[in-house]
Number of protein chains: 2
Amino acid sequence: MFIQVSANEIAAKHVSGQLNELARQRALWRKVKYREGSEIFGEAEPADYVYQVRQGAVRTYKRLCDGRRQIGAFHLPGDIFGVEDGEVHRFRAEAIVDTNLWIAKRRSLFARLAKGDIPAANHVRVLVTRTLEHAENHLVLLGCQNSLEKIAAFLLELDRRLEQPDVMVLPMRRCDIADYLGTTVETVSRALSSLQKERILSLVGTNHRGIMLHDRSKLADRVCPSPS
Amino acid sequence: MFIQVSANEIAAKHVSGQLNELARQRALWRKVKYREGSEIFGEAEPADYVYQVRQGAVRTYKRLCDGRRQIGAFHLPGDIFGVEDGEVHRFRAEAIVDTNLWIAKRRSLFARLAKGDIPAANHVRVLVTRTLEHAENHLVLLGCQNSLEKIAAFLLELDRRLEQPDVMVLPMRRCDIADYLGTTVETVSRALSSLQKERILSLVGTNHRGIMLHDRSKLADRVCPSPS
DNA sequence: CGACTCCTTGACAGCGTTCAACAGTAGTGG
DNA sequence: CCACTACTGTTGAACGCTGTCAAGGAGTCG
């Protein structure tokens, strides 16, 4: 759901043992490239494949009839997405930047489930559960947090997943962040500027896609941890 | 996630075949009663049991350190909840009113998974997937909808699940609705009053817990459907 | 009856959205 | 090389939705 930018290729450490096992059987997987902005699968489309990001980044989202959009997750190198229990996808998936994926026929995977392939079944359950856990935390963020807290939580999560790089380079635009956090580009921009004024971070590079965190503990103070 | 109020006992039609199969094996299940407001399980507590609502209603939620609360779901008669893939619960569960549950030892269920009980594994996957699907729709509601749309969506979902009763009686308080929708009691109250002024619904009964929908299509106009 | 809880309503302020203008960069073509 | 366009992000100003605070009504319970 977050970005791997410090390295373009996925790092083995980011793939759990179980996922590794699932992905290791390369006979199942096929390589596919998607250009920036192109659709990987649509909402209510048949869920015929399972995807793993190798390079680049993916956003999954739902859209309301009047154009409003809610991004459910960002998928980064190593992440597996598109695993559904039903016949169709409930989200639309697009490449945020030029992206390389591995895709696997879903039927071949589910055929193994039907045959009683317990490890395969467990893998699917783990993947779905991980997705659920992320969605649950996202609910709290959308329902309880104000705009500064949302941005802080977003940055900290990103920072954690990238293992605190010196500079994290966001592959997504401000409007993607806004639609992920349930706010607007202007609010995202103002929050980042505000944090920069407080010397908590620096915005660097083209379009300020790069972010340097100077004071992670101050940033953490801005977001309320989940346990009561 | 919504309330069964027209009948106190669960109706068979509300339990899918698969869930029925899981629940039918009563040898596994034990009956437990919870008083209004009492805790069924806590956040980060060991997930030793699986629960099915027989009578009453349950809320599951997370709380931030300063007291803010996000209700993830309401569980009604027939609903199974507390199924986790990990060792601990990620939500806290409380009885909204006096509630009767059936509980099953989780280990006995997961023992069957480990032994290669494919139907049992599928049941768990279906349950988790159903929870995920609800959470995904909830994300859109929290991230994209304004207060009137949230209330309208809430009411319509409730109405659908109750199969359009003449009067639906909410087991939850306004503050529960507010924390479910990411808003406040006052906003919930104002939205309901506003819809009543427009003759779309009537509030009846003690504490206005009863709601009669007069014009479901007008109410549906208030909420934007998900497909683009 | 009094105390309590829950809900509603009003007044007001503030956060965040909306609208608008502008800066910086990349890409294109003369 | 520069002009032009397109795109992204930033910032300012004004508005409005929603949160906050406060008061009061209605029902419940001891």
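Only heavy atoms go into these numbers, but all of them, side chains included; no hydrogens, no water, no symmetry mates. Naming convention: chains lettered A, B, ... in sequence-line order (proteins, then strands); numbering from 1 in each chain.
Annotation: side chain of B:His134 is not in contact with side chain of B:Asn137 (no heavy-atom distance under 4.5 Å).
The distance between atom CG of B:Leu203 and atom P of D:dA26, rounded to the nearest whole Å, is 15 Å. Between B:Arg68 atom CZ and D:dT18 atom P the separation is 18 Å, expressed in whole Å. One can place CG of A:Leu201 at 11 Å from P of D:dT10, the figure rounded to the nearest angstrom. Regarding B:Gln196, its CD atom lies at a distance of 13 Å from the C1' atom of C:dT9, rounded to whole Å. Distance, A:Arg174 CZ to D:dT11 P: 10 Å, rounded to whole Å. A straight line from CD of A:Glu186 to P of C:dG16 spans 13 Å, rounded to a whole angstrom. When rounded to the nearest whole Å, the span between CG of B:Leu192 and P of D:dT18 equals 14 Å. Rounded to whole angstrom, the span from the NE2 atom of A:His208 across to the P atom of C:dC22 amounts to 20 Å.
Note on B:Arg209: a side-chain N or O is less than 4.0 Å away from OP1 or OP2 of C:dC7. The phosphate of D:dC17 has neither OP1 nor OP2 within less than 4.0 Å of any side-chain N or O from B:Ser147. Within the 4.0 Å cut-off from OP1 or OP2 of C:dG10, not a single side-chain nitrogen or oxygen of B:Arg190 is found. Checking the phosphate oxygens (OP1, OP2) of D:dT20, no side-chain nitrogen or oxygen of B:Thr184 falls inside 4.0 Å.
A side-chain hydrogen bond (donor to acceptor under 3.5 Å, both in side chains) with A:Tyr61 is found for one member of A:Glu43, A:Glu94, A:Gln70 and no other, namely A:Glu94.
For the pair A:Gln145 and B:Arg173, nearest-nucleotide mapping onto DNA chain C gives the more 5' position to B:Arg173. For the pair A:Thr187 and A:Asn207, nearest-nucleotide mapping onto DNA chain C gives the more 5' position to A:Thr187.
Each of C:dG16, D:dT18, C:dA26 was ranked by its minimum atom distance to the side chain of A:Thr206; first place goes to C:dA26.
Taking CG of B:Leu195 as the reference point, atom NE2 of B:His214 lies at 11.0 Å (rounded to 0.5 Å).
Within the 6.0 Å centre-distance limit, the rings of A:Tyr51 and A:Phe41 are counted as a close aromatic pair.
Between the side chains of B:Glu84 and B:His89, at least one donor N or O sits under 3.5 Å from an acceptor N or O.
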